[in-house]
Undergrad: 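Got a structure for you, questions after.
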Amino acid sequence: MTTLPEKTTRSLGLVIDLDTCVGCHACVISCKGWNTENYGAPLSDQDPYGADPSGTFLNRVHSYEVQPETGPAQLVHFPKSCLHCEDAPCVTVCPTGASYKRVEDGIVLVNESDCIGCGLCAWACPYGARELDLAEGVMKKCTLCVDRIYNENLPEEDRTPACVRTCPAGARHFGDLSDPDSDVSRLVAERGGIDLMPEQGTKPVNKYLPPRPKDGWQGEVDVLAPFLEPVAEEPRGFLAWIDKTLEKL
Amino acid sequence: MHPAPSIIAFTTFSGLGLGLLFWLGVDPDPPTGWSAFAFFLIGYLLAVGGLMASALHLGRPERALKAFTQWRSSWLSREAWTACAALVVMGVYAALLVFFGVQVHVLGWLGALLCLGTVFTTSMIYTQLKTVPRWHHWSTPVLFQLYALGGGALLSGRVTTGLVLIGLAALAQAGWWLAGDQRLAASGTSIETATGLGHIGKVRAFEPPHTGSNYLLREMVFVVARKHARKLRLIALGLMAVLPALLLLLPFGHWLALIAVLSHVAGVLVSRWLFFAEAEHVVGLYYGKR
């Protein structure tokens, strides 16, 4: 049934630290690697070695330039995957019941054998988290590595989503965001974690930690600083002549 | 949004066909015998043809029947039900008229109501999407109804009613376009809210995730030919309303009426192309596009 559950027992999700992410795309690759050979249809590529390659990805990393009113611009790397929204618009539009949100952990999943590939859920998602696989004709999305996090055949440290496990910078965190005492919830509270597009009313579970403010030249200036002032000498000789002549023109 | 030919054909032709069936259903003095057969055949070819076209864009058309299951929550599922109900009820009404010359008014009215209901559920598939601010407005279902009623009236040979309705549709369409141009800005969604970085400063998409294209860009961020939108809007209004009106105000002739109908259909196709091609999905903001 594609109505949303009134309440989920837990709200598993990701916390992504935009201050720490270095934009290496390792999470993109490990996600594609794990999810193409495990749960569900593989993530196909079209024309992978040709002139116009494209393919299905459940996680993509954007990069944004942010220009404050004063000071230099800041570059922010921005990984984006399904946010496992509480009020997921992709679930309620589904005509077949293939899309659903699990009561036990809040993960939004697609039952691929029921999906007709109409694409309406991808239209309903404001974040671009769903992609129709062109080879399989069904909708693919982040499963929060549902086949890893409960998998007792894996060593305990591997029972997290592939993207979290692989992140070399520690910019991705996984946990229960409905529990105010969980590590992820405390991180969100400490760092002022935010929702993406809150005005869309989707109530995303995944949170983003904004970049910390950049430090600037505040406080004491070294006593030797005046001696480091740039030396601007007047040009002499031939250069001085060019300078004067150009000035006159 | 990507203006897929199958979706344009679906909304245009099913709207026209269901509009024609509506007028046949409410007609107090409907055609009977072979003449009724011809009218209903055109209505059914358009409506069923349009609905079949919509199945063409599915990734897994062989599972299409599953779309009937979620009528409690999904407008697409509700559309499947209303379309089938409308076609079955109108089918019985038509069979009685064609083969027995009997008119069951209740059946006609019920079928007509279901026809309008189908057009409404179709329009709600688009209207419900908050992610496409241009569509997410009560005026979208009104526009779809006016198109279906106007086109249906023309097809059923109701010249005066048809002209009034396509005039109204043209006015509604012009207003919908002008108001729609402001709606993305008015929705409050911007690259700043999309990234949550607006408190630092002005955000610019610096580098996309991949050098190539992807499903999201092809499907949701269609920006080709938007520069011709103004001209296409005028062409759509001219073909859809102005030319048919001129042709039908001339002394009546069957050929003129046929050209008027074809011109109207061409105009509706152009306006539907714009309906999709001009629709900005908010996911485009992540790519610095709209």
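From a predicted model like this one, the values you see are computed outputs, not experimental measurements. In the text below, chain A, chain B and the rest are named by the order of the sequence lines, each starting its count at 1.
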Undergrad: Might you confirm whether atom CD of Glu69(A) has over 12 heavy atoms from other residues, nucleotides or ligands at distances under 6.0 Å?
TA: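 Open: at most 12 neighbouring heavy atoms sit under 6.0 Å from CD of Glu69(A).
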Undergrad: Take Val93(A) and Trp75(B) through the side-chain contact (heavy atoms from CB on, under 4.5 Å) test and state the conclusion after the steps.
TA: CA-CA 7 Å; Val93(A) 298; Trp75(B) 281 106; over 6 Å; no
Undergrad: Checking Ile191(B) against chain A: side chain, backbone, both or neither under 4.5 Å from a heavy atom?
TA: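 Interface part for Ile191(B): side chain.
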Undergrad: Tell me, side chain or backbone of Trp135(B) under 4.5 Å from chain A's heavy atoms, or both, or neither?
TA: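 Contact with chain A: side chain only.
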Undergrad: Any side-chain heavy atom of Gln67(A) sitting closer than 4.5 Å to one from Arg204(B)?
TA: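 They are not in contact (no side-chain heavy atoms under 4.5 Å apart), so the answer is no.
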Undergrad: Check whether any side-chain heavy atom of Phe78(A) lies under 4.5 Å from a side-chain heavy atom of Glu207(B), and answer yes or no.
TA: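 Heavy-atom side-chain distance check fails, nothing below 4.5 Å.
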Undergrad: With a 4.5 angstrom heavy-atom cut-off, could you sort out which part of His77(A) is near chain B: side chain, backbone, both or neither?
TA: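 Neither the backbone nor the side chain of His77(A) comes within 4.5 Å of chain B.
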Undergrad: Can you tell which part of Gln74(A) gets under 4.5 Å to a heavy atom of chain B, answering side chain, backbone, both or neither?
TA: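 Side chain of Gln74(A) only, per the 4.5 Å heavy-atom cut-off to chain B.
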Undergrad: Top residue by heavy-atom pair count (under 4.5 Å) with chain B, among Pro53(A), Gly23(A), Pro198(A), Cys125(A)?
TA: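 Winner by heavy-atom pair count: Cys125(A).
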Undergrad: If we define contacts as heavy-atom pairs under 4.5 Å, which of Ala122(A), Pro210(A), Gly119(A), Pro79(A) has the most with chain B?
TA: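 The answer is Ala122(A).
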Undergrad: Find the distance between NZ (Lys66(B)) and OG (Ser113(A)) and round it off to the nearest 0.5 Å.
TA: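 With rounding to 0.5 Å, NZ (Lys66(B)) is 6.0 Å from OG (Ser113(A)).
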Undergrad: Ignoring hydrogens and angles, tell me if any N or O in the side chain of Thr96(A) forms a donor-acceptor pair with the backbone of Ala67(B) under 3.5 Å.
TA: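 Checking the backbone N and O of Ala67(B) against the side chain of Thr96(A), no donor-acceptor pair under 3.5 Å is found.
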Undergrad: For Phe276(B), is the CZ atom crowded, meaning more than 12 foreign heavy atoms sit under 6.0 Å from it?
TA: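 Above 12, so yes.
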Undergrad: Rounded to the nearest 0.5 Å, what's the gap from CD on Glu192(B) to CE on Met197(A)? Could you check?
TA: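 That separation rounds to 11.0 Å.
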Undergrad: Less than 4.5 Å to any heavy atom of chain A: does that hold for the side chain of Thr211(B), its backbone, both, or neither?
TA: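 It is neither, since no heavy atom gets under 4.5 Å.
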Undergrad: Do you see a donor-acceptor pair shorter than 3.5 Å between the side chains of Arg218(B) and Ser54(A)?
TA: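 Distance-only check passes for Arg218(B) and Ser54(A).
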Undergrad: Taking the side chain as every heavy atom from C-beta outward, state whether Gln128(B) and Trp123(A) have any atom pair closer than 4.5 Å.
TA: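 No, side chains not in contact.
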Undergrad: Non-hydrogen atoms of chain A under 4.5 Å away: do they reach the side chain of Ala64(B), the backbone, both or neither?
TA: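 Looking at Ala64(B), just its backbone touches chain A.
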Undergrad: Please flag which part of Val61(A) lies under 4.5 Å from any non-hydrogen atom of chain B: side chain, backbone, both or neither.
TA: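 Backbone only.
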Undergrad: Check whether any side-chain heavy atom of Lys202(B) lies under 4.5 Å from a side-chain heavy atom of Val66(A), and answer yes or no.
TA: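 Sidechains of Val66(A) and Lys202(B): no contact.
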Undergrad: Using the side chain to side chain donor-acceptor pair (under 3.5 Å) rule, collect all pairs that involve residues 165-174 of chain A, keeping only residues at least two apart or in two chains.
TA: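 Sorted pair list: Asp158(A)-Arg165(A).
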Undergrad: What part of Tyr127(A) lies closer than 4.5 angstrom to a heavy atom of chain B: side chain, backbone, both or neither?
TA: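 When you check distances to chain B, atoms from both the backbone and side chain of Tyr127(A) fall under 4.5 Å.
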Undergrad: How long is the gap from SG on Cys118(A) to CD1 on Ile7(B), to the nearest 0.5 Å?
TA: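 Here the interatomic distance stands at 9.0 Å.
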Undergrad: Is Thr131(B) close to Gln200(A) at the side-chain level, that is, under 4.5 Å between some pair of heavy atoms?
TA: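 Yes, close enough: below the 4.5 Å cut-off.
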Undergrad: Decide yes or no for Pro211(A) and Leu197(B): does some side-chain heavy atom of the first lie under 4.5 Å from some side-chain heavy atom of the second?
TA: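 They are in side-chain contact.
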Undergrad: For Leu216(B), is it the side chain, the backbone, both or neither that has a heavy atom under 4.5 Å from a heavy atom of chain A?
TA: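 Interface part for Leu216(B): side chain.
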Undergrad: Under 4.5 Å from any heavy atom of chain B, what part of Leu196(A) do you find: side chain, backbone, both or neither?
TA: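 Backbone plus side chain of Leu196(A), per the 4.5 Å heavy-atom cut-off to chain B.
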Undergrad: Between Tyr287(B) and His62(A), what is the ring plane arrangement, given parallel below 30°, perpendicular above 60°, and tilted in between?
TA: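 Ring orientation of Tyr287(B) relative to His62(A): perpendicular.
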Undergrad: Roughly how far apart are Leu120(A) CG and Leu129(B) CG, rounded to 0.5 Å?
TA: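 One finds 6.0 Å between CG of Leu120(A) and CG of Leu129(B).
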Undergrad: Using only atom types and a distance under 3.5 Å, with no angle test, would you say the side chain of Arg60(B) pairs donor to acceptor with the backbone of Glu136(A)?
TA: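 Yes.
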Undergrad: So, do Phe57(A) and Tyr215(B) sit near enough that their side-chain heavy atoms are less than 4.5 Å apart?
TA: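 A side-chain contact under 4.5 Å is absent here.
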Undergrad: Would you indicate whether the side-chain heavy atoms of Ser74(B) and Pro95(A) approach each other to under 4.5 Å?
TA: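 Contact flag for Pro95(A)/Ser74(B) side chains = yes.
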Undergrad: To check you understand the geometry: which heavy-atom pair defines the closest contact between Arg63(B) and Cys115(A), and what is its length?
TA: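 Heavy atoms of Arg63(B) and Cys115(A) come nearest at NH1-O, 2.7 Å.
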Undergrad: Pairing donors with acceptors under 3.5 angstrom, does anything connect the side chains of Glu199(A) and Thr193(B)?
TA: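 Yes - a donor-acceptor pair under 3.5 Å links their side chains.
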Undergrad: For chain A, which candidate among Ala194(B), Gly288(B), Ala80(B) shows the most heavy-atom pairs at distances under 4.5 Å?
TA: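 Of the candidates given, the most pairs with chain A belong to Ala194(B).
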Undergrad: Just how far is it from atom CD of Glu62(B) to atom CD1 of Ile116(A), taken to the nearest 0.5 Å?
TA: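 One finds 10.0 Å between CD of Glu62(B) and CD1 of Ile116(A).
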Undergrad: Quick one: which of Met139(A), Glu65(A), Glu131(A), Lys80(A) has the most heavy-atom pairs under 4.5 Å with chain B, could you say?
TA: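 Max contact count across the listed options: Glu65(A).
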Undergrad: Checking heavy atoms, do the side chain of Pro89(A), its backbone, both or neither come under 4.5 Å from chain B?
TA: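 No part of it gets close to chain B.
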Undergrad: Tell me, side chain or backbone of His57(B) under 4.5 Å from chain A's heavy atoms, or both, or neither?
TA: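 Answer is both: backbone and side chain atoms of His57(B) are under 4.5 Å from chain A.
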Undergrad: With a 4.5 angstrom heavy-atom cut-off, which part of Leu58(B) approaches chain A: side chain, backbone, both or neither?
TA: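 Contact with chain A is through both the backbone and side chain of Leu58(B).
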Undergrad: Counting only heavy atoms not in Met124(B) (residues, nucleotides, ligands), do more than 12 fall under 6.0 Å from its CE?
TA: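 Buried by this count: over 12 neighbours within 6.0 Å.
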